[in-house]
Amino acid sequence: MRRIKEVIVVEGRYDKNTLSQVVDATIITLGGFAVFNDREKLAFLRRLAEKQGLIVLTDSDGAGFVIRNYLKGALPPDQIKQAYIPDVLGKERRKCRPGREGKLGVEGMRPEALLEALRRAGATFLDESAAETPRGEPLTKADLFTLGLTGGRDSAARRQALLRRLDLPEHLTANGLLEALNLLYSREELEALLAEDPR
């Protein structure tokens, strides 16, 4: 089991149960949309973010992104990391039928997928001494435009194709994509990826 320094925030108790079998970390449940009206929990999350840092790990469906975006606006952005699980069609074992979008949530993810999502988010694994590799200048919105991922006639389709290729959720906005790309790739690596498969 991998030890993680940051506090991980998930939507509900089933997500927490699944994740607690994969990592040794403080895991806080939001209670889904209930967090919108829970000032005490929000204040608690702010204190945790300041002390240890937070990783937001919600489902990749529309509801998960509503919660994620709410937290992005309510908590200090420099103290939060965003972990994205891939879009995987299916249903969790305990459910009779899939969710509205037919995607697995955090609860249905394989342990390797959860660890990879946390690694991509920049989680601090306490049981490894990974040296930070210099990434160079971060990608900007202008870079996304230059690479044809925003502002063009087929940029939305190009973004969706890239999201699928990188195993990132389809609901990721252009800003969310920029954030994820800066966690995962340098400008040169991204340009090489797009050159291999421009669509």
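- Using a 4.5 Å heavy-atom cutoff, the side chains of Glu191 and Leu147 are in contact.
- Both Leu54 and Val66 sit in one connected hydrophobic cluster of ILVMFWY residues. Membership requires side-chain heavy atoms under 4.5 Å apart, directly or through other members.
- Judged by the 6.0 Å and 45° rule, Arg119 forms a cation-pi pair with Phe125.
- Counting heavy-atom neighbours within 6.0 Å of Glu40 CD, excluding the residue itself, gives a total of 12 or less.
- A 4.5 Å side-chain heavy-atom check between Leu71 and Val9 finds at least one atom pair inside the cut-off.
- With values rounded to the nearest 0.5 angstrom, Tyr84 atom OH is found 14.0 Å from Asp59 atom CG.
- In this structure, the side chain of Gln21 engages the main chain of Asn17 through a donor-acceptor pair within 3.5 Å.
- Residue Thr18 holds its OG1 atom at 13.5 Å from CZ of Arg110, rounded to the nearest 0.5 Å.
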request  = Show your working on side-chain contact (heavy atoms from CB on, under 4.5 Å) between Tyr70 and Leu75 and close with a plain yes or no.
outcome  = CA-CA 9 Å; Tyr70 171 76; Leu75 299 170; over 6 Å; no
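- The neighbour count for Phe36 CZ, taken as heavy atoms of other residues, nucleotides or ligands under 6.0 Å away, is above 12.
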Pair Ile28-Leu48, side-chain contact (heavy atoms from CB on, under 4.5 Å): steps then yes or no
CA-CA 10 Å; Ile28 304 291; Leu48 290 172; 4.0 Å; yes
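- Two residues are said to be in side-chain contact when any heavy atoms from C-beta on lie closer than 4.5 Å; Val106 and Tyr14 fail this criterion.
- To the nearest 0.5 Å, atoms OG1 (Thr58) and CD (Gln82) are separated by 7.5 Å.
- Pairing each heavy atom of Ile55 with each of Ala83, the nearest pair is CG2-CB, 3.7 Å.
- The backbone N or O of Leu194 lies less than 3.5 Å from no partner atom in the side chain of Arg165, so there is not a single donor-acceptor pair.
- Ion pairing between Glu92 and Lys95 holds under the 4.0 Å rule for side-chain N and carboxylate O.
- The backbone N or O of Gly148 sits less than 3.5 Å from a side-chain atom of Arg158, completing a donor-acceptor pair.
- Scanning both residues, Pro98 and Gly102, for their nearest heavy atoms gives CB-CA, 3.9 Å.
- With Thr124 as the fixed residue, the side-chain hydrogen bond (donor to acceptor under 3.5 Å, both in side chains) test singles out one of Lys5, Glu6, Gln52: Glu6.
- Atom-to-atom distance recorded for Leu181:CG and Leu166:CG is 6.5 Å, nearest 0.5 angstrom.
- Residues Phe44 and Ile67 share a single hydrophobic cluster, defined by chaining ILVMFWY side chains whose heavy atoms lie under 4.5 Å apart.
- When the side chains of ILVMFWY residues are joined at heavy-atom separations under 4.5 Å, either directly or via intervening members, Ile27 and Leu115 end up in a single hydrophobic cluster.
- Between Arg159 and Thr150, some side-chain heavy-atom pair lies under the 4.5 Å cut-off.
- Taken together through direct or relayed side-chain contacts under 4.5 Å among Ile, Leu, Val, Met, Phe, Trp and Tyr, Val35 and Phe33 form part of one hydrophobic cluster.
- A donor-acceptor distance shorter than 3.5 angstrom exists from the side chain of Lys81 to the backbone of Gly122, with no hydrogens or angles considered.
- For the pair Leu118/Ile8, a side-chain contact is recorded, criterion being any heavy-atom separation below 4.5 Å from C-beta on.
- Note that CE of Met109 and CG of Asp15 are 10.5 Å apart. Values are rounded to the nearest 0.5 Å.
- In this structure, the side chain of Glu189 engages the main chain of Ser186 through a donor-acceptor pair within 3.5 Å.
- Side chain of Asp154 to main chain of Ala157: no donor-acceptor pair is present (N/O by atom type, distance under 3.5 Å, no hydrogens or angles).
- Looking only at atom types and distance, the side chain of Thr29 has no donor-acceptor partner in the side chain of Arg13 under 3.5 Å away.
- With a 4.5 Å cut-off on side-chain heavy atoms, Leu19 and Val10 count as touching.
- Of all the heavy atoms in Leu144 and Ala174, the pair that sits closest is CD1-O, 3.8 Å.
- The pair Glu116-Arg120 meets the salt-bridge criterion, since a charged nitrogen lies less than 4.0 angstrom from a carboxylate oxygen.
- Note on residues 96-107: pairs passing salt bridge (charged side-chain N to carboxylate O under 4.0 Å, His left out), not counting sequence neighbours, are Asp87-Lys103, Arg94-Glu107, Glu101-Lys103, Lys103-Glu170.
- With 3.5 Å as the limit, one finds a donor-acceptor pair spanning the side chains of Thr140 and Asp143.
- Contact annotation: the side chain of Ile85 approaches that of Leu57 to within less than 4.5 Å [non-hydrogen atoms, C-beta and beyond].
- Contact annotation: the side chain of Asn175 approaches that of Lys141 to within less than 4.5 Å [non-hydrogen atoms, C-beta and beyond].
- How far CG of Asp38 is from CG of Leu30: 9.5 Å, rounded to the nearest 0.5 Å.
- A cation-pi geometry, defined here as NZ or CZ lying under 6.0 Å from the six-membered ring centre and within 45° of its normal, holds between Arg68 and Phe65.
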